[in-house]
Asks: 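Sharing a structure with you now.
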Amino acid sequence: MSNGNPDQSPSVEPQAMLEQVRSSIAYQHERLRPPSLHADRKAAKQARHKAKHHKYTKAAFFRYCYYEPAFKFFCEQVLDVDYLPLPEATRLTDEMGVQNSSDYVCTPFKHILGDFIEALDRGADILIQFGGPCRLGYYGELQESILRDMGYEFIMLNFSHGIELGYVGWAKECIKLVNPKIDIPHGVMQLKATGKMIECLDELRDFYLANAGFEVEKGVFDAAWERAMDAFRTCMDERDINAAFRDAMAELRAIPLDKPADPIRIGIVGELFTAIDERANLELDHKLTAMGVEVHRMLNFTNRYLRYNEPNLRAGAKDYLTYDMGPTSTMTVLAAKKYGEAGFDGVIHAKSAGCTPEIDCIPVLQRVSEDFRMPILYLTYDSQTSDTGLDTRLEAFYDMLSMKKEKRK
């Protein structure tokens, strides 16, 4: 309101001035405070707890034949952590493992170390080493030491730790190292489902090995196998696993075959890693099925870990063994004996260079070969083994078995 003096500016009401100051202060305060969303309080609390107690969240296994869906299921459904899948190994992967390993360790050690380096470079912060029944069981500690010397920070979940206390001790190790929030009843149920998936994968692979070499249309078995693997990767519980297995087995059984009444049958025995893993044995399975061979392999996770009974196996091989010779030695000898008794045409013994237990098996296998008049091909793999040399030996072995079979007729 003006007082009539033209040289004086109009006065401002005290209340209006106060509101103006308040608005200015509020505006400045809002500018300084970062914008935020009203997030769910429970989710925010869980996130804070996870950040405090569950720092490591992305886990990786090393590459190992066809068990990758089971590894994924174990990480996601048992440990409740993210699973980091690895793409197909390259030459660089193997070279990294070789360059950072001693010359005297076996090839599986080098392959696994290369996989771990690649996994860490891809963002893994948990490495899972399930060890092995041989000195591979000690390799987790050595690999962890090498990787830390290379500057990597991570958690190593080594299955060899705590196992001396039984399954309870092993479970406590998992919880302590990886995820204190594991739902124990749920984890136990899903661990059982993991074993079920391993059994299903092994049964499917047994059917594949026995029949893939006789498909009418080339490549149908491999395509069906890949679809089965994709289905297992999406499984969330044992019911899903059973459904995936049922569908996959039905598809494999429906594939048309042109299989002779008496095909050439070859059994594969040897060291746990090399005899199973196609990367380690240079795709031995595919090379044999491509020749039209019915392939059998007793050695797998189901028979070595889930149903393994050393005293019973040794009793079955008592004509050749008195004592336990080491990790897979008893199974190697017993499987060869069973193949001989079943009239198999031949056996392939696959091992890594320097594998002491399997070297000890060779004289025993020679006795089995003589007793059953069954030829055995001994294959030793290292990081320098080539496809060309392997192909030549396999072709010569197949030709010998074919001629031997023809003579019997």
Asks: Report the C-alpha separation of Y67 and D202 in whole Å, then their side-chain angles, then the decisive distance to 0.1 Å, and conclude whether the side-chain hydrogen bond (donor to acceptor under 3.5 Å, both in side chains) test is met.
Replies: CA-CA 9 Å; Y67 293 112; D202 284 335; 2.5 Å; yes
Asks: Count the heavy atoms belonging to other residues, nucleotides or ligands that lie under 6.0 Å from CG of D258, then report whether that count exceeds 12.
Replies: no
Asks: For D345, run the salt bridge (charged side-chain N to carboxylate O under 4.0 Å, His left out) check against K407, K405, R373, R265 and tell me which one passes.
Replies: K405
Asks: Give the C-alpha distance, both sets of side-chain angles, the deciding distance and a yes or no for side chain to side chain contact (heavy atoms under 4.5 Å, CB included) between V368 and M374.
Replies: CA-CA 8 Å; V368 175; M374 180 181 62; 4.3 Å; yes
Asks: State whether the number of non-hydrogen atoms from other residues, nucleotides or ligands found under 6.0 Å of K218 atom NZ is greater than 12.
Replies: yes
Asks: List the atom of S369, the atom of I376, and the distance in Å for their closest heavy-atom pair.
Replies: CB-CD1, 3.8 Å
Asks: Holding to side chain to side chain contact (heavy atoms under 4.5 Å, CB included), I want the full list of residues that pass it with P260, two or more places apart in sequence or in another chain.
Replies: F214, P263
Asks: Apply salt bridge (charged side-chain N to carboxylate O under 4.0 Å, His left out) to the pair R279 and E68, showing each step before the final yes or no.
Replies: CA-CA 14 Å; R279 173 180 162 209; E68 190 261 349; over 6 Å; no
Asks: Quick one, M331 and L272 - any side-chain contact, counting heavy atoms below 4.5 Å?
Replies: no
Asks: Could you tell me whether the side chain of D285 reaches within less than 4.5 Å of the side chain of R297, counting heavy atoms only?
Replies: yes
Asks: Is there a side-chain contact between K196 and N242, using heavy atoms and a 4.5 Å cut-off?
Replies: yes
Asks: With rounding to the nearest 0.5 angstrom, report the CG to NE2 distance, D80 to H186.
Replies: 7.5 Å
Asks: If you round to the nearest 0.5 Å, how far is OG1 of T330 from CG of N312?
Replies: 11.5 Å
Asks: Could you please spell out the steps behind the side chain to side chain contact (heavy atoms under 4.5 Å, CB included) verdict for L157 and L79?
Replies: CA-CA 11 Å; L157 179 57; L79 297 181; 3.9 Å; yes
Asks: Taking D371 first and then K337, would you say they form a salt bridge - that is, a charged N and a carboxylate O separated by under 4.0 Å?
Replies: no
Asks: Are R63 and E88 close enough, and set up right, to give a salt bridge (charged side-chain N to carboxylate O under 4.0 Å, His left out), and what steps lead you there?
Replies: CA-CA 8 Å; R63 298 175 178 91; E88 188 173 343; over 6 Å; no
Asks: Are there more than 12 heavy atoms of other residues, nucleotides or ligands under 6.0 Å from atom CE of M236?
Replies: no
Asks: Does a side-chain N-to-carboxylate-O contact under 4.0 Å join K110 and D94?
Replies: no
Asks: If you compare all heavy atoms of N158 against all heavy atoms of G140, which two are closest, and at what distance to 0.1 Å?
Replies: ND2-CA, 3.5 Å
Asks: Other residues, nucleotides and ligands only: do more than 12 of their heavy atoms fall within 6.0 Å of CZ on R408?
Replies: yes
Asks: Please confirm whether the backbone N or O of T57 pairs with a side-chain atom of D125, one donor and one acceptor, at under 3.5 Å?
Replies: yes
Asks: Under 4.0 Å between a Lys/Arg side-chain N and an Asp/Glu carboxylate O for R233 and D230?
Replies: yes
Asks: With no hydrogens and no angle check, do the side chains of K351 and T380 hold a donor and an acceptor under 3.5 Å apart?
Replies: yes
Asks: Can you check whether L321 reaches L334 side chain to side chain, under 4.5 Å on heavy atoms?
Replies: no
Asks: Rounded to the nearest 0.5 Å, what separates atom CD1 in I348 from atom CG in L379?
Replies: 6.0 Å
Asks: Roughly how far, to the nearest 0.5 Å, is the OG1 atom of T328 from the CG atom of N303?
Replies: 12.5 Å
Asks: Quick one: CD1 on I359 to OG on S352, what's the gap to the nearest 0.5 Å?
Replies: 9.0 Å
Asks: For a 4.5 angstrom cut-off between non-hydrogen side-chain atoms, does M298 reach V269?
Replies: no
Asks: Do the side chains of E144 and F116 get nearer than 4.5 Å, heavy atoms only?
Replies: no
Asks: Report the C-alpha distance between L127 and F62 in whole Å, list the side-chain angles of each, state the deciding distance to 0.1 Å, and finish with yes or no for side chain to side chain contact (heavy atoms under 4.5 Å, CB included).
Replies: CA-CA 8 Å; L127 299 179; F62 52 85; over 6 Å; no
Asks: Would you check if the side chain of E215 reaches a backbone N or O of F221 as a donor-acceptor pair within less than 3.5 Å?
Replies: yes
Asks: Would you name the heavy atoms of L365 and A336 that are closest together and state the gap between them?
Replies: CD2-CB, 3.6 Å
Asks: Less than 6.0 angstrom from the centroid, inside 45 degrees of the normal: does R148 satisfy that with respect to the ring of F154?
Replies: yes
Asks: More than 12 heavy atoms of other residues, nucleotides or ligands under 6.0 Å from NZ of K404: is that the case?
Replies: yes
Asks: For A70 versus I198, what's the shortest heavy-atom pair and its separation?
Replies: CB-CG1, 3.9 Å
Asks: Can you name the one residue among F71, Y139, F273 that meets ring-ring contact (aromatic ring centres under 6.0 Å, His included) with F130?
Replies: F71
Asks: To the nearest 0.5 Å, what is the distance between SG on C65 and CZ on R205?
Replies: 8.5 Å
Asks: Could you tell me if the side chain of L201 sits less than 4.5 Å from the side chain of F301, heavy atoms only?
Replies: no
Asks: Any donor-acceptor pair under 3.5 Å linking the side chain of E217 with the backbone of V220?
Replies: no
Asks: If you look only at pairs with a residue in residues 318-353, which of them pass as a ring-ring contact (aromatic ring centres under 6.0 Å, His included), with sequence neighbours excluded?
Replies: H296-F344, Y339-F344, H349-Y378
Asks: Return the minimal non-hydrogen interatomic distance between F232 and P69, and the atom names on each side.
Replies: CB-CB, 3.8 Å
Asks: Salt bridge or not for D247 and R227, using N-O below 4.0 Å?
Replies: no
Asks: So, S402 versus D399: side-chain donor-acceptor pair below 3.5 Å or not?
Replies: no
Asks: Is it the case that the side chains of T332 and S329 hold a donor-acceptor pair, with the cut-off being a distance below 3.5 Å and no angle test?
Replies: no
Asks: Taking the side chain as everything from C-beta on, heavy atoms only, tell me whether E294 gets closer than 4.5 Å to K259.
Replies: yes
Asks: Take D206 and N300, measure what side chain to side chain contact (heavy atoms under 4.5 Å, CB included) needs, and give me the verdict at the end.
Replies: CA-CA 10 Å; D206 288 345; N300 54 36; 4.1 Å; yes
Asks: Using every non-hydrogen atom in the two residues, find where I182 and V78 come nearest and quote the distance to one decimal.
Replies: CG2-O, 3.9 Å
